[in-house]
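Proteins get letters first, then strands, A, B, ... in listed order; numbering begins at 1 in each.
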Amino acid sequence: MIHTGCTVTQFRQEATQTIGNASLQKALRGATAHFVDGRQAAFDAFPDGEAIRDHLKEIRGATISNLAFYLEQFEQNAQAAGTIVHWARNAEEAAAIVTSIARENGVMLAAKSKSMATEEIKLNHALEAADVRVVETDLGEWIIQLAGESPYHIIGPAIHKTKEQIVDLFEEYRGRPLADTSIAALTAEARHILRQQFLEAGIGISGGNMGVAETGSLVLVTNEGNGRMVTTLPRIHVAVMGIEKIAPDWDAAAAWLSLLARSATGQPMSIYTTVVTGPRRPEDADGPEEVHIVLLDNGRASLADTSSRKADYAEILQCIRCGACLNVCPVYGESGGHAYNSPYSGPIGAVISPLLFGLEKYAALPHASTLCGACVDVCPARIDLPRMLLALRADEVEQGIPSPFEQFAERAGTAVMGNAHLFNLAGKMAGWGQKMFTKNGTFTPPINPTLDRNLPIRPQKSFRDLWNDLDTD
Amino acid sequence: MSNYTHKKKVALLVTCLVDQALPDIGVSTVNVLRRAGYDVAFPSAQTCCGQPSYNSGFHDEAKKLARRTIDIFVDYEAVVLPSGSCTTMIRKEYPQLFKNDPKYYYLALRLAKKTFELGEFLNKEGKLPQAEATEPKTAVTYHDSCHMCRMLDLRDEPRQALTAHGYSIIEMETSDRCCGFGGVFSVRMPEISNAMTADKLHEARKTGMKTMVTSDPGCLIQMRGLLQEDDDLKIEHIATMLDKAG
């Protein structure tokens, strides 16, 4: 699925469908509540959690402000371990690098583990255009691949799918009805199908949860073990990782890992934590013959660059993609993930999509928030997302993106508010106008009747009209 | 000595919403402050703090209104607002807005230091009535507005103000989940906003309470907007409740 951006109208339409779809609402509420409760329980049982969040914020801040230094160190140490390091300035370059590795090696089938970076660069499209078949091996990711959709949630790509919908997708794939449609049977079916693919795949493609600079290692966390299969069974392993996902050393990595799964799923650790430091050595029992890491910029470097106008947004690079902000966001809870029309949804998506893919294209997303701040409460790196949403809105105004009507209304409103008499008169006039549209004490505004809620009726006397009577003692 | 007593003077920043749409809340705020022993001033040049423009990204417009507000209020001993949201704007956002303005940055910091939300102010000044050992008058549930609880860290203060006035509080689940208002958000994305409000009202109804109290006029207007005619649930401002309790 290609993401083309998001207007307010698009966002509202998609959200309205989600709000009106009871089974989708149930799935969304159930999944996010499960994650929220899990996270809470995990932090309740982790007394140092809050202090480690402070620590992670510092580590990530220090790393991002010296990103070039740590990236060079990472590259040197990865190369020393035998990994081939590639640099991609943008999505097209990154997809082209992976595609050419596949083609040069005559690969027909690629097995992928879940990766947001490869969603961002639309890698599956590029590979399929080059006649390389791609199979997603994370169960949720495979489900949405079968459905031809994009991830609904950063860590739960298919949380919006009901069991019945998944049965339909599997039966369509198999071309026959399934005898047993229990969850255990569905999982077994997926496992059976996917095992074959691991063995046949000429290339394994993963993302990277973290790169550790001091050893040039790539760290992957998964719960299904597919990450381990993808990085060991095929002859070639290629990882695509955003340049911001660098930990200086294993001490930082430990803090990072101690918060990642707790924040994401409420687990102390993911079931599998895989560390890849170069290709197989002669004494190794298994592992790929070639390991490639593609370091993806795609707009990130300009955020980290203090001389850039975008440097105000450097903090967003501290994100470790745990998805906790999605689960607590009341807007995401109503709109669902697809309303954002971006690989990244929720509060982090509302900030990073305009920054990476263009503010004009994603102009609606900074407004898809009440600025309630619930995201900051749970972010493992304590990223101030509302601050950046506000800054993006100001950038929109500076770039002339708001409609001429909104620009006029802001200026006119400010002129009225600049004078208390004018302000009170405007309120009075609004009150007279309201009377024409008020029936049985309910005011229905003529403009924007889609508000679909009662509005207060401006009383005969404003507070300032009453003040003279109050100001007597 | 004469019977001269100095009453501390506080300025009321009534907020544009209360001034024009909910004046009774302003009257209650005055009553509560006077009963607590304050001389209340209402600088009549005040209009709006500029938050709607600021939150929509119109910083030049917001600055115009913010400068006025600072000029009008900066010389009072204390400024009290019946709104956590407008208090946040002045206390947290004005210094941000003026961080590159040599004159107004300092003035913004000065004003920020003496600007308080009503329930917070009564707590801080030790002006809450001593809770009597009588039966609580009314049980209510309380909605934490996002600005009150997350930006100003005021969770206990409004509750203490209510209980000191004889109310008991029956907590709803996720009392700090956003009501769906979000200022211009409620107009820009009304379907999502209303769905959030419906969730909030659902949680409030589950407590069985007849009254949900909040400290923010914005939340109040939003939530009242989705009540039915003759609804069992009423939404009231904290100033109204404190005034009523006497």
Looking only at heavy atoms and a cut-off of under 4.5 Å, which of [options] has the most pairs with chain A?
options: B:Ile221, B:Thr197, B:Val27, B:Leu226; answer: B:Val27
options: B:Gly26, B:Ala21, B:Ala195, B:Cys178; answer: B:Ala195
options: B:Glu229, B:His147, B:Gln222; answer: B:Gln222

What part of [X] lies closer than 4.5 angstrom to a heavy atom of chain A: side chain, backbone, both or neither?
X: B:Asp199; value: side chain
X: B:Ile25; value: neither
X: B:Ala41; value: backbone
X: B:Gln46; value: both

Quick check for you: among [options], which has the greatest number of heavy-atom pairs under 4.5 Å with chain B?
options: A:Ala368, A:Ala430, A:Ala415, A:Ala426; result: A:Ala368
options: A:Ala374, A:Gly431, A:Pro366, A:Ala364; result: A:Ala374
options: A:His421, A:Lys428, A:Met417; result: A:Met417
options: A:Val376, A:Ile457, A:Val416, A:Asn424; result: A:Asn424
options: A:Val331, A:Val328, A:Thr18; result: A:Val331
options: A:Gln407, A:Glu398, A:Glu406, A:Arg411; result: A:Glu406

Spacing of [atom1] belonging to [X] relative to [atom2] belonging to [Y], to within rounding of 0.5 Å:
X: B:Asn31; Y: A:Leu470; atom1: CG; atom2: CG; result: 7.0 Å
X: A:Leu371; Y: B:Thr88; atom1: CG; atom2: OG1; result: 11.5 Å
X: A:Asp465; Y: B:Gln20; atom1: CG; atom2: CD; result: 7.5 Å
X: B:Lys64; Y: A:Thr414; atom1: NZ; atom2: OG1; result: 6.5 Å

(request) Let me know if A:Leu455 has heavy atoms under 4.5 Å from chain B in its side chain, its backbone, both or neither. (result) neither
(request) Would you check, one step at a time, whether the test side-chain contact (heavy atoms from CB on, under 4.5 Å) holds for B:Arg150 with A:Asp377? (result) CA-CA 8 Å; B:Arg150 276 183 287 270; A:Asp377 282 357; 3.2 Å; yes
Strictly distance-based, threshold 3.5 Å: is any side-chain N or O of [X] a donor or acceptor partner for the main-chain N or O of [Y]?
X: A:Arg453; Y: B:Ser186; value: yes
X: A:Arg464; Y: B:Asp19; value: no
X: A:Thr370; Y: B:Gly182; value: no
X: B:Arg188; Y: A:Val8; value: no

Identify the heavy atoms of [X] and [Y] that sit nearest to each other, and give their distance.
X: A:Ala420; Y: B:Thr47; value: CA-CG2, 3.6 Å
X: B:Phe185; Y: A:Ser369; value: CD1-O, 3.6 Å
X: A:Leu451; Y: B:Asn194; value: O-ND2, 2.8 Å
X: B:Ile192; Y: A:Phe11; value: CD1-CE2, 3.4 Å
X: A:Glu410; Y: B:Glu61; value: O-CG, 3.9 Å
X: A:Ser462; Y: B:Pro23; value: C-CB, 3.9 Å

(message) Just to be sure I understand the criterion: a residue of residues 379-396 of chain A counts if one of its heavy atoms is under 4.5 Å from a heavy atom of chain B. Which ones qualify?
(response) A:Leu390, A:Arg393, A:Ala394
(message) Using side-chain heavy atoms (C-beta onward) and a distance below 4.5 Å, is B:Pro190 in contact with A:Arg12?
(response) yes
(request) State, yes or no, whether a side-chain contact exists between B:Thr29 and A:Phe463 at a heavy-atom distance under 4.5 Å. (result) no
May I ask you to check whether over 12 heavy atoms, not counting those of [X], lie within 6.0 Å of atom [atom1]?
X: A:Glu360; atom1: CD; value: no
X: A:Lys26; atom1: NZ; value: no
X: A:Lys461; atom1: NZ; value: no

(request) For A:Phe423 and B:Cys16, run side-chain contact (heavy atoms from CB on, under 4.5 Å): C-alpha distance rounded to whole Å, both residues' side-chain angles, the deciding distance at 0.1 Å, then the answer. (result) CA-CA 9 Å; A:Phe423 166 61; B:Cys16 56; 3.5 Å; yes
